[in-house]
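First up is the structure itself, then whatever we jot down about it.
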Amino acid sequence: MVSTIILFFCSIAFLLPFIWMLSTSLKIEADVFKYPIEWIPSRWNGIANYQEVWFGEQPFYLYYWNSIKVAVLTTVISATVSALAAYGFSKVRFPAGSWLFLVVLATYMVPPQASLVPQFILYRYLGLFDTHIGLILLGSFSVLGTFMLRQFFIGIHNDFIDAAKIDGAGHWRIFWRIALPIVRPAVATYAILRFIWTWNDYQNPLIFLRTDALYTIQLAMQKFTTLNGSFYTLIMAAAVSAILPLLIVFILGQKHVIDGIALGGVKG
Amino acid sequence: MASKQAASVEEWQQHDTSKNTKKSRIEKNESLAGLLFISPMFIGISVIVLFPIVATFILAFADWKFVTGIDQLQWVGFDNFRALLDDEKFIKSIINNAVFILTVPITMIIALLLAVIIDKNVYLKSYFKVAFFMPYISSVVAIAVVWQVLFHPSQGPINQVLMSLGIDNPPTWISDPNFALISLMTIHIWISIGFSLIVYIAGLQSIPKELYEAADIDGANSWYKFKSITFPMISPTSFFLLITGIIASFKVFDLIAVLTQGGPLNSTTMLVWHLYERAFLELDVGYASAIAVVLFLFVFLITIIQWIGQKKWVNY
């Protein structure tokens with residue numbers, strides 16, 4: 001009981017910035033810096049603030065839609081590509097497989113920023129610069145996802161696969177009908193993590209997008225804060241809006257996220 | 001086992017040549033299937049990561065602004081690397097990166113402490129996991145904006161609290177060269193604890209309960225149990241967190257970009273930020289590539305240490 005109480009106070013310290021953010025987003029501007037802090041707004045302005053953020057001068061809903069589009073497509077493609085590769089690397093026995101896997105694994109060591117400049121030049125050359133497709137492709141080939149799913153495919157007994165082969169099933173059928181359904185929880189875990197990372201990504205959109213109408217929510221947030229420098233209530237309403245989808249995804253998939261991290265899910 | 005199998009295959013091949021061709025056809029099909037399954041991944045990685053990393057190593061020896069044509073590119077040998085040594089901002093970046101590594105052990109100590117308490121019998125376990133995890137899943141941009149206001153020199157809640165406690169001239173945090181890096185480190189620790197905490201909880205749960213029961217029988221106190229059982233048993237976890245934490249500390253970008261842009265007076269510049277400025281604001285391809293090579297070498301070195309350390313230092 002004592003430790004619960006101690007922990008509870010620690011957890012408040014972790015949540016306080018979020019509570020401050022939420023409460024500020026519901027205030028009128030004049031009350032933002034009132035001291036002592038008003039945790040529950042005395043003068044309520046919540047609805048007006050959120051209305052101003054979402055449907056005011058900035059097309060916030062558009063940035064939001066861009067983020068949803070990029071994050072969902074990246075997640076779907078990345079999970080598919082990773083699952084296919086993971087199956088190929090674990091359940092198909094072919095000589096080139098093991099050294100190709102080593103090559104893929106070696107790229108995991110490269111810090112993403114070390115290849116940024118040539119990526120940028122390449123993207124300009126290929127016409128992928130300043131497009132959503134380019135941004136989606138950047139997040140679609142994940143060594144981490146392949147590695148994580150491979151561990152799960154390895155766990156499937158080879159007898160299963162061999163029995164299906166004797167029955168005349170090809171690898172594609174085995175992958176689709178037998179292997180994938182078994183590893184579905186692992187795919188979900190990876191997909192949730194990939195969604196969170198893509199939604200939160202700031203660096204790639206900053207470097208690979210120029211057109212305002214293509215901005216994702218993270219870029220828009222920053223633009224919004226410089227434009228609304230003196231309107232902290234609006235900035236906080238925008239921040240709450242930016243975090244909300246993550247919170248929903250996280251609470252729905254809590255167990256998956258925590259398992260994924262515990263498995264050694266390093267950000268990547 | 002393998003030789004026996006090979007022998008039987010040989011025997012089998014000698015016996016029946018029609019089966020032999022069938023066998024090699026199956027092998028061929030197997031190879032083709034394998035390549036098909038991995039090709040989307042492999043082609044993607046090759047174009048988006050492998051090719052660019054090779055290009056980085058080549059461009060590091062060139063002088064080129066990529067707004068001009070490729071014919072303007074000039075090979076300069078090691079000039080970029082020599083220039084790095086005289087670049088005050090680069091030196092400052094390395095020092096800041098080194099200082100920033102301090103966040104890793106601090107994060108680990110706090111996370112371990114919290115994990116040990118959560119792993120024992122507390123109420124509201126899942127609430128705590130979510131609460132401590134919130135900063136890790138939230139977007140850095142949104143979080144950074146909140147901290148920017150919390151750290152506001154005159155009106156920010158943090159300084160208002162400090163002033164009401166009788167501190168007349170509290171630091172101006174992210175706009176004070178002496179405190180900016182510490183402020184960023186504090187926020188980074190606050191963000192990273194959730195991740196370490198979850199990994200530690202998983203590590204703690206894999207420790208066999210019998211060890212503690214045996215220690216109980218011997219009448220060991222909790223500090224002794226922590227020192228002799230918990231700490232050694234989670235050393236692989238700690239090592240993993242140390243290495244991944246250090247590598248992650250080299251990649252910090254969002255916090256700097258949103259909060260300080262490397263300032264004031266270069267007090268928060270780091271390798272990745274310096275690289276970004278040179279590459280994308282000054283369009284200095286060669287120089288930025290040289291910084292990228294240095295960054296790569298640091299991460300490479302840490303990875304090598306991890307490989308060696310795994311065998312010597314960690315007990316599984």
Side-chain angles (χ1 to χ4, degrees), chain A residues 3-4 7 10-11 14-15 17-18 20-21 33 35 37 81-82 84-85 87-89 92-94 97 100 104 107 109-111 113-119 121-122 137-138 140-141 146 171 196 199-200 202-203 207 218 221-222 225 232 235 239 242-243 246 250 254 258 261-262 264 266-267, chain B residues 30-31 33-34 37-38 40-42 44-45 48-50 52-53 55-56 59 66 114 117-118 120 122-124 128-129 131-132 134-135 137-142 145-146 149-150 155 157 160 195 198-199 202 244 248 250-251 253-254 258 272 275 279-280 285 288-289 292 295-296 299-300 303:
Chain A
S3 44
T4 305
L7 263 192
C10 292
S11 76
F14 270 75
L15 291 178
F18 293 103
W20 188 85
M21 171 172 81
F33 288 118
Y35 191 81
I37 300 165
V81 169
S82 298
L84 283 172
Y87 180 86
F89 281 131
V92 188
R93 277 154 278 177
F94 65 115
L100 285 178
V104 169
T107 63
M109 221 176 57
V110 180
Q113 287 98 351
S115 48
L116 265 183
V117 177
Q119 266 174 0
I121 299 168
L122 182 76
L137 286 178
L138 280 176
S140 290
F141 306 101
T146 308
H171 271 301
I196 293 176
W199 183 273
N200 283 340
Y202 171 70
Q203 189 176 301
I207 290 167
Q218 307 304 337
M221 270 291 302
Q222 238 226 314
T225 54
Y232 291 111
I235 292 169
I243 289 177
L246 298 171
F250 176 57
Q254 203 210 111
I258 289 175
I261 297 290
V266 198
K267 190 165 180 171
Chain B
E30 194 80 358
S31 284
F37 271 102
I38 64 164
M41 175 73 194
F42 195 75
I45 283 283
I48 287 186
V49 185
L50 274 181
I53 188 72
T56 296
L59 287 171
F66 54 70
L114 291 172
I117 303 175
I118 291 182
K120 280 190 194 145
V122 293
Y123 303 94
L124 304 166
F128 287 127
K129 283 185 188 169
F132 291 117
M134 271 287 281
I137 59 148
S138 305
S139 75
V140 173
V141 180
V145 171
V146 175
V149 184
L150 294 180
Q155 297 172 295
Q160 291 203 356
F195 175 79
I198 297 298
V199 178
T244 53
F250 274 98
K251 297 180 185 168
F253 175 81
D254 305 6
V258 178
V272 169
L275 186 159
F280 299 104
V285 172
S289 297
L295 179 69
F296 174 83
V299 174
F300 183 73
T303 312

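Letters A, B, ... are given to chains in the order of the sequence lines, protein chains preceding strands, and every chain is numbered from 1.
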Toward chain B, the part of [X] with a non-hydrogen atom under 4.5 Å:
X        : value
A:Thr225 : side chain
A:Ile258 : both
A:Leu246 : both
A:Tyr202 : both
A:Ser3   : both
A:Gln254 : side chain
A:Phe89  : both
A:Ile37  : side chain
A:Leu15  : side chain

Can you tell which part of B:Val145 gets under 4.5 Å to a heavy atom of chain A, answering side chain, backbone, both or neither?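 Both backbone and side chain.
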
What part of B:Phe132 lies closer than 4.5 angstrom to a heavy atom of chain A: side chain, backbone, both or neither?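 Answer is both: backbone and side chain atoms of B:Phe132 are under 4.5 Å from chain A.
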
Parallel, tilted or perpendicular: rings of A:Trp20 and A:Phe33 (30°, 60°):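 If you compare the ring of A:Phe33 with that of A:Trp20, the planes turn out tilted.
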
Applying ring-ring contact (aromatic ring centres under 6.0 Å, His included), can you list everything that pairs with B:Phe37, at least two apart in sequence or on another chain?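 Result, ring-ring contact (aromatic ring centres under 6.0 Å, His included) vs B:Phe37: A:Tyr87, A:Phe175.
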
